[in-house]
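No hydrogens, no waters, no symmetry mates; every other heavy atom, side chains included, goes into these values.
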Amino acid sequence: MPEPTVWTAPTVLAVDYFQSYSVVGLLAVIGVLFVAVAFAAGRLLRPVVPTPEKLLTYECGVDPVGEGWAHTQVRYYVYAFLYVIFAVDSIFLFPWATVFAAPGYGATTLVEMFIFLGFLAVGLLYAYKKGVLTWT
């Protein structure tokens, strides 16, 4: 009676597949342990001498007076948001430039990038029309 055939190819592929993930998992565990050891060493080595002056709220060299709440204009958050939008735009331009140089992708990537830049231009025009870009 002949022996039954055992398929080992999928098992070998699965072992190789999970072995590459085990390296990533091992590096993640080592990273977490490194951070935990650093925090524990900092806690053990630092001096702990609480005084009333050390427990005061302190910021920018000004002693705290009055309430802790301050009014901030929303305009500054909008500037930050616009900066993030255009920073992301610049991040997308570099990979686009490399794909654009590849043979066979020129026209397609050019059209896609102009569509992307069109969306950004509409957002910038909207911000300009709302008066967000005027510094007062």
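- The ring-ring contact (aromatic ring centres under 6.0 Å, His included) test applied to Phe114 returns no partner, not counting sequence neighbours.
- Take Tyr128 and apply the side-chain contact (heavy atoms from CB on, under 4.5 Å) test, not counting sequence neighbours, and it matches Leu133.
- Residues satisfying the side-chain contact (heavy atoms from CB on, under 4.5 Å) test with Leu125, not counting sequence neighbours, are Lys129.
- Taking Ile, Leu, Val, Met, Phe, Trp and Tyr as members and joining any whose side-chain heavy atoms lie under 4.5 Å apart, directly or through other members, Val32 forms no hydrophobic cluster with any other residue.
- Partners of Arg46 according to the side-chain contact (heavy atoms from CB on, under 4.5 Å) rule, which considers only residues two or more places apart in sequence or in another chain, are Arg43, Val48.
- Among residues two or more places apart in sequence or in another chain, the side-chain contact (heavy atoms from CB on, under 4.5 Å) test is passed with Val122 by none.
- Here Phe39 is tied into one hydrophobic group with Val35, each link being a pair of ILVMFWY side chains closer than 4.5 Å.
- Chaining together hydrophobic side chains whose heavy atoms lie under 4.5 Å apart places Val111 alongside Ile115, Phe119.
- In this structure, the side chains of Tyr126 and Lys130 come closer than 4.5 Å at one or more pairs of heavy atoms.
- Clustering of Ile, Leu, Val, Met, Phe, Trp and Tyr by side-chain heavy atoms under 4.5 Å joins Leu26 with Ile30.
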